[in-house]
Amino acid sequence: MKLELDTPAEKTWCRGCGDFGILTAVKRAIQELVDSGETRHENIVIASGIGCHNKIVDYINVNSFDVLHGRVPPIISGMKIANPNLKVIGFAGDGDAYNEGISHLVYSAKRNIDITMIIHDNEVFALTTGQATATSSLGFSTKAMPKGNIEVPLNPIHLMLTSGATFVARGFSFDIKHLTSLIKEAVKHHGFSFIDVLQPCKTYHDTTQFLRERIYYLNEKGHDTKDFRAAWERADEKERIPIGIFYKIERKTFEDQLLKGKIPAYEKEIPSINHVIEEHI
Amino acid sequence: MKLELDTPAEKTWCRGCGDFGILTAVKRAIQELVDSGETRHENIVIASGIGCHNKIVDYINVNSFDVLHGRVPPIISGMKIANPNLKVIGFAGDGDAYNEGISHLVYSAKRNIDITMIIHDNEVFALTTGQATATSSLGFSTKAMPKGNIEVPLNPIHLMLTSGATFVARGFSFDIKHLTSLIKEAVKHHGFSFIDVLQPCKTYHDTTQFLRERIYYLNEKGHDTKDFRAAWERADEKERIPIGIFYKIERKTFEDQLLKGKIPAYEKEIPSINHVIEEHI
Amino acid sequence: MLDEVSLLVGGKAGEGVRSTGYIIGRILNRHGLNVFIRDDYQSLIQGGHNFSQIRSSSKETWSHYEKVDLIAALDQKTIDLHEKELVSNGRVLFDSEEVKYCGSGKALSIPLLKMVEEIKGLKIMRNSALIGVVAYLYGLDLTKVNAVLTKIYREKAPKNLALAKKGYEYAEKNFDRIGEIKRIDRLPKPLLTGNQAIALGAVKAGLKVYIAYPMTPSTSILHYLAGHQDKLGLTVVQPENEIAVIIMALGASYAGARSMVASSGGGFALMQEAISMSGMTEVPLVIVECQRGGPSTGVATYTSQADLKFVVNAGHGDFPKVVVAPGDTEEAFYKTAEALNLAWKYQIPVIVLSDKHLSESYKTTSIDENNVSKEEVKMANGGGGYKRYELTEDGISPLAFPGTPEAVIKVNSYEHNPSGYAIDEPELINKMQEKRLRKYAQIAADLRSRETVKIYGEKDADNLIVSWGSAKGAVLEAMKLLKRKFKFLHVIYPKPFPVWEVEKHLDKVKNVISVECNSTGQFASLLREETGFLVNKKILKYDSRPFDPEDLANRIERVLE
Amino acid sequence: MLDEVSLLVGGKAGEGVRSTGYIIGRILNRHGLNVFIRDDYQSLIQGGHNFSQIRSSSKETWSHYEKVDLIAALDQKTIDLHEKELVSNGRVLFDSEEVKYCGSGKALSIPLLKMVEEIKGLKIMRNSALIGVVAYLYGLDLTKVNAVLTKIYREKAPKNLALAKKGYEYAEKNFDRIGEIKRIDRLPKPLLTGNQAIALGAVKAGLKVYIAYPMTPSTSILHYLAGHQDKLGLTVVQPENEIAVIIMALGASYAGARSMVASSGGGFALMQEAISMSGMTEVPLVIVECQRGGPSTGVATYTSQADLKFVVNAGHGDFPKVVVAPGDTEEAFYKTAEALNLAWKYQIPVIVLSDKHLSESYKTTSIDENNVSKEEVKMANGGGGYKRYELTEDGISPLAFPGTPEAVIKVNSYEHNPSGYAIDEPELINKMQEKRLRKYAQIAADLRSRETVKIYGEKDADNLIVSWGSAKGAVLEAMKLLKRKFKFLHVIYPKPFPVWEVEKHLDKVKNVISVECNSTGQFASLLREETGFLVNKKILKYDSRPFDPEDLANRIERVLE
Ligand SMILES: Cc1ncc(C[n+]2csc(CCOP(=O)(O)OP(=O)(O)O)c2C)c(N)n1
Ligand SMILES: Cc1ncc(C[n+]2csc(CCOP(=O)(O)OP(=O)(O)O)c2C)c(N)n1
Ligand code: SF4
Ligand code: SF4
Ligand SMILES: [Mg+2]
Ligand SMILES: [Mg+2]
């Protein structure tokens, strides 16, 4: 059944913005995930931080939570803890996920909570008119740093590998077919899944051409997604830029261990506290 | 000249606490750093977070700032930016540095700002009477998690390597001689330096014996401190536990690039703004 | 016959002072008596000086008293520091091997350590011998002592029982009784801390997810709920920091589980952005703030009421919120339950404001779980065409949770239209802002049928004491000591401030005296903001200690002079 | 001769609407006229609908006006949305190739795009042609147009100059002038936004380190100071998040550099714990809070005054702080300088409270850098025996910075003794708390000699308007339109609230009307808290737009009926 995933909200991204590609891929992935019976329309929740990327929640007709800047991982983690039946997908900017909210990202990976984080990585704070983020390259000049960025960029794949993520991938916003399949895989993965999406920002950091010239498919080249070191090294590549799944393993999830099958959101009964009060007499 | 580093403050750590070893090592290191002309007594500033560890600032007669839980890296970074002549040394608990304040730790390393972070890593929130922290092992049972910790522990060495730290070391609070020399090296290092100090907590997590049996000196075994991968692998060891310098390289520091020799704290002149106002006419 | 007793147990951290005090309290409680225990300890794990002040009476015990008739000293410091607090014919009980005493009180020297040695026990067990002595001194039943020790020490009980007996018998042989406490014939009530009552109250209003990061004096809620998670059907999580705590909790609320968080001032400060978001997104949450000495890290293990205005004004922007400040353990139970109900009924953040003195002091408490319930909330019926922020007359949009077929539940921290999509248009902004604020009127109306203030004392007294939160206990005790007549108005809801109740008391009296534990008179200032009334006689305490009833009574006398 | 003009430039984001408005403003300013520009834009980078409202007059221009005599439309939406704002004989200027207009106003159709093609320019350059047309319509000098364009476009200027000329000549040929603005003979003053004035004021009081994380509408301070860091001798840092921002800044202050940070409500919310620490540790800092529509993420690019009470009560616990809320760009300059001086003199956190309307609107501003200075602070002389928290009569302990030989400067977020070591003892807690609070008396005394309020209008009027912050501009303009007599009390310092000034105005009048941009009347509530005075006639606006003077005048009339 074709889902009605469009919304009345007018799209306000710049022409040529990579966010359009992500939007298309996500909608396709949702359609396919529902079609395949992986989940149901009403059990999907998406969330976003604050930035250009965050408008995506307005453009998809599913449950959504537009949370604060940097706080996507905890909001969807809370949902998952309350109701593990939900499929929760978080969208965050690079500024959002790697600057303001990096602690949460690291901890979500460490916990291996079954959430999916999709990062619109345009290497810039776009909505606030272009400042350097964690992933901006050295020398990147902005109004806030006219002399250029003096911090080495963070490697998100490395960070996630180090933090214990069990699904680490990279996508490209203009390779919609590939991205769609990554998103599907990520959502299906039982545990913390992460996709750093290379997303050209037409206005403040247009990498469209640069990326088109360098991108290749990691998983076509016999990369072993269980090999931590190989994943690490592939993420080091700079001349050519691999997209695909760097790493994927299975590990007990946080909510499975925490809840042991319980679903807090469905528990309607109020326990008697008399047996507890007894302890205090 | 023997510095007067003792203070009137009564020591309130538990008998046998690893913090005593760190205190002794730090005082020795400070004495030796001043003796060797590396810095002057009045140019040293120490800072701490909140936890048992934080009492160290009360026990050393040098400039100090007992800041908020988790915020040691930014407070000493701010000092360094204002006055790069200062030698700033931060003390933080594992809870402090890896839970509440992990974002700052990652960014300080990324920036390679010339500060030193010494972590009292007792794998527990001690002062709040024993809860699991980032480094607590799986299954570690506490009053807040009676069924045991369900998160895999963070590897601080890996985290710092990933974040771009240029000096990454591990010490043991009861090997005072070794720790003293590590601290000296760290302070002398021009760039971000980090020491994870294995610190037994007598009361909530007594690892004294466990550690004494397993510790060995990394740098005695021909470890190449410029080799990232070797550092990574050594940090993976669990049967025996290496202490020493895992990694040490040179990279431009943040404040050198930012300040280019300027010392904001010394600049007393107020510039005329007339030439700027001109731009607005 | 003693009408009431007041004693102090002191020693170093790590010597079991707090649990000794607590056990004595439990034993007294088992005799059908009322008990209040205040624990005084520092931010350290071993050493320092800890003490418990225990008060017991057949009448309601609202507070500890600084004056005590017995000091039980595990170390010398206890005597040195507290001798001045002894009543004129008071006694000092101590371990003869570790402590010396030759003051004006009656010295009761006991070879506690020797007793421990005799049964090959651990040093810490001497406390049980001390408990035995105390039991004898107050004419308590050894069987009840044994019952409590058995319940607490389980497999370790036998040695402790033996020591209690030794202590009791030693005392019997060597000392006179202080007296026998007048007992009352009733079943013992639970002896609870404010934090335990908060935890249990939340559960009775449907709490399912509790999330917290440790911070004194809120940590005991975390420990208590984690320890009872199976019995109480809870999920308990301790995330990386306070921001994660509150955001996760909001995620849980959004997904359909009633959730709560707690912290103290510093951790609560980190939650401000999210509290404002709770207001904007209309995702309900209860936040417990246990105040401690401040500002900043402050005096971590001591008390204060200095976060009131910060809490009342929490979060940027205009949005409806509720702040409730229980004054005792009983209110802590009922009002926390009420807090959850209000949060979910009105889809707002509700803050339960406590402090170290309430959160960690024990009090014999009346709790009837049948008096609280999970109240009905306005739920959407059916999912089709669901609008999360539907404009309604009462401002409350029907709730629905993800998983509801056909409902698309869009929640937005950005200003939004009724469907939850971001908007910038002035007319819609007005509408949404007004919709949210309309809930205030509903809440105020609702609160009129709940207890928002309590009145004590003489209805027609000329002197009115106003106070809030845990200062209540000392006020009630002080009133017993005062000769003049007083009326006491205790405000339970700082926000919305129950002007409808408060205003009717203010101008009928000659004097209005405010009592609170902070240095600027925050409650008095709130009172003025809400009613215009200027309190001239402020009694403030800001040494991070709670009021002592006698001292408070004196200060009340003095301000009236 | 025109006494004043009011025009609107509108188009899509990315089409250069804001800079066109700004350039027109600069040209008017160059003619010695006063100018006020309000920019209206959304939280998006391309598309949407942006517009600038420009007002110019030989008299002081305190505000934009919604009513305009000219609409310059770069797109159709501009006309559709704003036609209703046109005065009865107004004109609509538009690009003949992109826009159609056949309304009641006079249509001025210009082939802007064609002009651009003729000189092989970029589409965005058509704005210069439009500027030329506007210049002609108001009788402005083309030489001044050229001067401004040259200054702004530098190497790109020639094509823009050519287009301006084309536009001017086209207009000359085809249109009548709207009129000539009455010029005044004086040197042009700078045309500044509130944020630029804040930045410059801080520099003149000794700012050396500026630290910020981007957040609308505070980001332009970051951009401005970073852009001028060399000229102004500044170090500018953009760290990982707002918590790092404020803690780093406190580190810089501790180390001896005057520092400042800025954010909007959400980022400011994240700084609460550190603000309390600034109070406790007595490490000075200036925090600029630029309010935007709220709560939460709110209406990110629009204005509001709804953070007042949150800001006044910022940080947990009792500690002295100052909040200053400038009402216009001039005050933004002087009061920010004052904020730094107060922060360092009293070693406290000082908050400069602005909002989008003040921070981002341009106003012709009088600034004399000689009227501000870095004021003296109490420094320690010599290092020996230095005690950071020495108990002094005025509560101010002499400052010293690390690097001072023999001084050991110990700063502590925990309660501490005069030397800075952590303590728990009640007597010392009292002393330190009182020491810190004594500074309030000093600050209040100091403020009595500074401008804490401003009075406008008729001294003996029966009607008093009270307001604060950027609402001032609209109030002053509205007063020009009102027939009745008004006195206007503008409060610049929300904390400490200047009761000594305010109280003398309140009871001499018949009506008190409060005017502010929030939905609960926060200033009125603060006024009551501080003076007991209850404002009955509140004029509130909370659609995230600033007041329009005409609308405000009507509302003032109405509340008085
Ligand atoms: C706490 C907080 N700080 C700052 C902001 C301002 N802010 C809004 S969007 C944004 C940048 C977003 O950058 P990124 O996450 O990379 O998203 P992008 O715009 O590039 O998609 C910032 C800093 C905010 N909304 N909240
Ligand atoms: C914002 C904030 N949250 C929580 C606390 C409470 N707190 C004080 S110490 C501490 C734990 C410290 O653990 P760690 O940093 O490992 O230090 P340790 O006590 O083990 O030395 C916590 C959580 C606090 N002071 N501030
Ligand atoms: S500014 Fe960049 S990221 Fe934002 S919508 Fe435009 S192109 Fe996309
Ligand atoms: S609790 Fe642990 S870390 Fe704290 S002082 Fe005692 S032994 Fe040391
Ligand atoms: Mg980005
Ligand atoms: Mg620790």
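To find a chain, count down the sequence lines: A is the first, B the second, and so on, and within it residues start at 1. Atoms considered below: every heavy atom in the structure, side chains included; atoms not considered: hydrogens, waters and symmetry mates.
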Fill in: Enclosure of D:Lys387 NZ (heavy-atom neighbours >12, cutoff 6.0 Å)
no
Discussion item. Using 0.5 Å steps for rounding, measure from the NE2 atom of B:His69 to the OG atom of D:Ser413.
Written reply: 11.5 Å
Item to complete: Among B:Asn63, B:Val88, B:Val62, find the one that has a side-chain contact (heavy atoms from CB on, under 4.5 Å) with D:Pro402.
Response: B:Asn63
Practice prompt. Report yes if some heavy atom in the side chain of B:Val276 is under 4.5 Å from a heavy atom in the side chain of D:Tyr224; otherwise report no.
Written response: yes
Practice prompt. Identify the heavy atoms of B:Ile60 and D:Lys410 that sit nearest to each other, and give their distance.
Written response: O-NZ, 2.6 Å
Worksheet entry | Nearest heavy-atom neighbours spanning B:Leu68 and D:Ile247 | CD1-CD1, 4.0 Å
Discussion item. Tell me which of these, B:Ser77, B:Pro73, B:Ser48, B:Ser64, has more heavy-atom pairs under 4.5 Å with chain D than the rest.
Written reply: B:Ser64
Discussion item. Quick one, B:Phe65 and D:Ile409 - any side-chain contact, counting heavy atoms below 4.5 Å?
Written reply: no
Worksheet item: Does any heavy atom of chain B fall under 4.5 Å from the side chain of D:Asn241, the backbone, both, or neither of them?
Response: side chain
Practice prompt. Kindly compute the distance separating NZ (B:Lys260) from CG (D:Asp230), expressed to the nearest 0.5 Å.
Written response: 8.5 Å
Practice prompt. Decide yes or no for D:Val237 and B:Phe254: does some side-chain heavy atom of the first lie under 4.5 Å from some side-chain heavy atom of the second?
Written response: yes
Discussion item. Nearest 0.5 angstrom please: B:Asp66 CG to D:Thr281 OG1, how far?
Written reply: 10.0 Å
Worksheet item: Between B:Arg71 and D:Ala244, is there a donor-acceptor pair closer than 3.5 Å when you use the side chain of the first and the backbone of the second?
Response: no
Worksheet entry | chain B contacts, top residue of D:Val148, D:Leu207, D:Ile243 (heavy-atom pairs, under 4.5 Å) | D:Ile243
Worksheet item: Heavy-atom count around B:Arg40 CZ within 6.0 Å, excluding the residue itself: above 12?
Response: no
Practice prompt. With a 4.5 angstrom heavy-atom cut-off, could you sort out which part of D:Ala249 is near chain B: side chain, backbone, both or neither?
Written response: neither
Item to complete: Heavy atoms only: give me the nearest B:Glu42-D:Thr404 pair and the separation to one decimal.
Response: CB-O, 3.5 Å
Worksheet item: In this structure, which one of B:Val67, B:Asp58, B:Asn54 forms a side-chain contact (heavy atoms from CB on, under 4.5 Å) with D:Asn412?
Response: B:Asp58
Fill in: CD1-CD distance between B:Ile270 and D:Glu369, expressed to the nearest 0.5 angstrom
10.5 Å
Discussion item. I'd like to know whether D:Met248 forms a side chain to side chain contact (heavy atoms under 4.5 Å, CB included) with B:Ile75, so could you lay out the CA-CA distance, the side-chain angles of the two residues, the decisive distance to 0.1 Å, and finally the verdict.
Written reply: CA-CA 5 Å; D:Met248 270 194 194; B:Ile75 200 85; over 6 Å; no
Fill in: Interchain contact, B:Ile44 with chain D, by part (heavy-atom threshold 4.5 Å)
neither
Discussion item. Can you tell me which of D:Lys374, D:Glu273, D:Arg30 forms the most heavy-atom pairs within a distance under 4.5 Å of chain B?
Written reply: D:Glu273
Fill in: Region of B:Thr7 that comes under 4.5 Å of a non-hydrogen atom in chain D
both
Discussion item. For a quick test of reading the model, state the closest non-hydrogen atom pair linking D:Tyr421 to B:Ala9 and the distance between them.
Written reply: CD2-CB, 4.1 Å
Worksheet entry | D:Val283, part contacting chain B, at a heavy-atom distance under 4.5 Å | side chain
Worksheet entry | Exceeds 12 heavy-atom contacts within 6.0 angstrom, atom CZ of D:Arg154 | no
Item to complete: Keeping the roles fixed (side chain from D:Lys204, backbone from B:Pro271), state whether a donor-acceptor pair exists under 3.5 Å.
Response: yes
Discussion item. Check whether D:Lys208 reaches the backbone of B:Tyr266 with its side chain - one donor and one acceptor, N or O, closer than 3.5 Å.
Written reply: no
Discussion item. For the interface with chain D, which of B:Gly70, B:Gly78, B:Pro8 has the highest count of heavy-atom pairs at distances below 4.5 Å?
Written reply: B:Gly78
Practice prompt. Please state whether the side chain, the backbone, both or neither of D:Ala147 comes within less than 4.5 Å of a heavy atom of chain B.
Written response: neither
Worksheet item: Is a side-chain donor-acceptor pair under 3.5 Å present for D:His228 with B:Glu279?
Response: yes
Worksheet entry | Residue part contacting chain B, namely of D:Leu234, when any heavy atom lies under 4.5 Å | backbone
Discussion item. As an exercise, state the distance from CZ of D:Arg258 to NZ of B:Lys268, rounded to the nearest 0.5 Å.
Written reply: 9.0 Å
Discussion item. Treating D:Lys231 as the side-chain partner and B:Ile273 as the backbone partner, does any N or O pair qualify as donor plus acceptor under 3.5 Å?
Written reply: no
Fill in: Closest heavy-atom pair and its distance - B:Ser103, D:Glu240
O-OE2, 4.0 Å
Response to the item:
Applying a strict 4.5 Å limit to non-hydrogen atoms, the region of D:Val209 in contact with chain B is side chain
Response to the item:
Residues B:Ile281 and D:Lys151: closest non-hydrogen pair is O-NZ, 3.5 Å
Worksheet item: Taking B:Glu269, B:Glu267, B:Arg111, B:His275 one by one, which has the highest count of heavy-atom pairs under 4.5 Å against chain D?
Response: B:Arg111
Practice prompt. Assess whether atom CD of B:Glu10 is packed by more than 12 heavy atoms of other residues, nucleotides or ligands within 6.0 Å.
Written response: no
Practice prompt. Output the distance between atom CD1 (B:Ile277) and atom CG (D:Leu191), rounded to the nearest 0.5 Å.
Written response: 12.0 Å
Item to complete: Check each atom of B:Ile76 against the heavy atoms of chain D and say whether the ones under 4.5 Å are side chain, backbone, both or neither.
Response: neither
Worksheet item: Considering only heavy atoms, which portion of B:Lys262 lies under 4.5 Å from any heavy atom of chain D: side chain, backbone, both, or neither?
Response: side chain
